[in-house]
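First the structure, in the form of structure tokens, and then the observations on it.
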Amino acid sequence: MQPIRPRRSALYVPGANARAMAKAPTLGTDVVILDLEDAVAPSEKALSRTRVAEAVAAFRQARAAGEIVVRVNGLDTPWIAEDLAVAGEARPDAILLPKISTASDLARVRALVGRDVALPLWAMIETPRAVLDPLGIAVARDERLPLAMLVLGLNDLARETGTRQLPGRAPMLPWMMAALAAARAGGIGILDGVFNDIADEAGFEAECRQGRDCGFDGKTIIHPKQVAGANAAFAPGEDEIAWAGRIAGVFDTPENAGKGVVMVEGRMVERLHAEMAQRLLALAAAISARG
């Protein structure tokens, strides 16, 4: 089993705000996304690149827990080449690419990144074209710049399609689940989109629970107030951990080694359930190690 990194919460932080970037690693979020795109005005793009590079270096020097990701501007903007150059030199844990619509967009990005740079890419699914074929994006392989994560951008999808963002997200669920299935088929992770109403704590908690029920690894967030809720929603509960502990090694015993299914406390347990339990326990351990 590959090492598991918790990605319950992924906080967007404006690249122009040096104070917010310095504070972000102390907030308990699993992922910090330093944003050069939507959160930065055109007049601040150049300054933000410098500040983001400095923030990545400070994050590394402090040996802060969690991951640090840089979101660059889109392929069709005048800033993309310089963004990729600065991000590649800074060496974050990953580069987040907005508005990736097809596998050919990934190929274009990979061609722009310096040949001496080797790090994971994350791709945002936020255009109508992307949700029509997320699988083509998820399976676009590259050894030097592998795709490691899909990230939903439901605000952009709402804008481009006219879809209303309603409680329960019924109009968007087909797109969400198609992207999730594509991510799993490609063997990569996927993060749910943001919840816009910072003051609506109940609505945020409900959307986090829905995201976890749907199978997402975590949620992108826009305010520190949302960190704790996302972390709680996407972490295994005590009952889940206890049950996983009882079944994770059930097929390792001599009496069950040749079986495909066994009965545990009145419940049928197949090997796939034991494998899922092992993964859940690994996630729980990784979360515990973060403190």
Side-chain angles (χ1 to χ4, degrees), residues 2-41 44-73 79-80 82-98 109 113-114 116-124 144-151 188-192 194 217-231 234-235 283 285-291:
Q2 294 291 323
I4 292 178
R5 299 190 74 165
R7 288 159 175 155
R8 301 162 295 170
S9 54
L11 175 65
Y12 288 108
V13 182
N17 191 330
R19 181 178 178 183
M21 288 191 291
K23 186 178 180 180
T26 70
L27 298 174
T29 183
D30 289 334
V31 182
V32 175
I33 302 175
L34 305 180
D35 191 12
L36 294 172
E37 193 209 15
D38 287 345
V40 177
E44 295 184 305
K45 297 291 187 184
L47 175 61
S48 294
R49 288 190 205 101
T50 300
R51 289 180 172 172
V52 163
E54 292 171 349
V56 174
F59 190 96
R60 293 278 178 255
Q61 186 174 8
R63 299 183 180 275
E67 293 178 87
I68 190 163
V69 176
V70 174
R71 180 164 74 166
V72 299
N73 285 277
W79 307 293
I80 180 62
E82 188 62 25
D83 285 355
L84 289 172
V86 170
E89 184 175 351
R91 296 297 199 276
D93 291 296
I95 296 176
L96 176 56
L97 310 170
V109 170
V113 177
D116 61 330
V117 177
L119 49 76
L121 302 178
W122 293 12
M124 296 205 67
R144 181 173 66 95
L145 300 166
L147 185 66
M149 183 75 66
L150 299 183
V151 180
I188 62 178
I190 183 166
L191 297 178
D192 196 1
V194 302
D217 298 304
K219 191 163 185 67
T220 48
I221 57 178
I222 55 175
H223 194 277
K225 286 176 60 177
Q226 298 176 326
V227 172
N231 283 351
F234 288 91
L283 174 60
I287 291 171
S288 178
R290 283 221 56 205

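Between atom CZ of residue Arg7 and atom CG of residue Asp30 there is a gap of 9.5 Å, rounded to the nearest 0.5 Å. Atoms CD and CZ, from Glu44 and Arg49 in turn, are 12.5 Å apart once rounded to the nearest 0.5 Å. To the nearest 0.5 Å, atoms CG (Leu27) and CD (Gln226) are separated by 12.0 Å. Between atom CG of residue Asn231 and atom CZ of residue Arg290 there is a gap of 7.5 Å, rounded to the nearest 0.5 Å. Of the inter-residue distances, the one linking Leu84 atom CG with Ile95 atom CD1 reads 5.5 Å to the nearest 0.5 angstrom. How far CG of Asp217 is from CG of Leu150: 10.0 Å, rounded to the nearest 0.5 Å.
Judged by distance alone, the side chain of Lys45 and the main-chain N or O of Glu37 form a donor-acceptor pair under 3.5 Å. Looking only at distances, a side-chain donor or acceptor of Asp93 sits under 3.5 Å from a matching main-chain atom of Ile68. A distance-only check finds no donor-acceptor pair linking the side chain of Arg51 to the backbone of Gly15 [under 3.5 Å].
Inter-residue side-chain proximity for Arg8 and Ile287 is flagged as met; some heavy-atom pair is nearer than 4.5 Å. With a 4.5 Å cut-off on side-chain heavy atoms, Trp122 and Val69 count as touching. For the pair Met124 and Val151, the minimum side-chain heavy-atom distance is below 4.5 Å. The shortest side-chain heavy-atom distance between Val113 and Arg144 falls under the 4.5 Å cut-off. Looking only at side-chain heavy atoms (C-beta outward), Arg91 and Val56 stay at 4.5 Å or farther from each other.
Across Ala87 and Val70, no two heavy atoms sit closer than the pair CB-CG1, 4.2 Å. The two residues Phe59 and Pro25 come nearest to each other via the heavy atoms CD1-CG, 3.4 Å. Minimum heavy-atom separation, Val86 to Ala53: CG1-CB, 4.0 Å. Heavy-atom minimum distance, Ile33 versus Ala10: CD1-CB, 4.0 Å. Nearest heavy-atom pair across Ser9 and Gly28 is OG-O, 4.3 Å.
Among Asp35, Asp83, Val109, the one residue that satisfies the side-chain contact (heavy atoms from CB on, under 4.5 Å) test with Val72 is Asp83. Between Tyr12 and the options Thr29, Leu34, Leu96, a side-chain contact (heavy atoms from CB on, under 4.5 Å) holds for only Leu96. Of the candidates Val194, Leu191, Val227, Val227 is the only one forming a side-chain contact (heavy atoms from CB on, under 4.5 Å) with Ile221.
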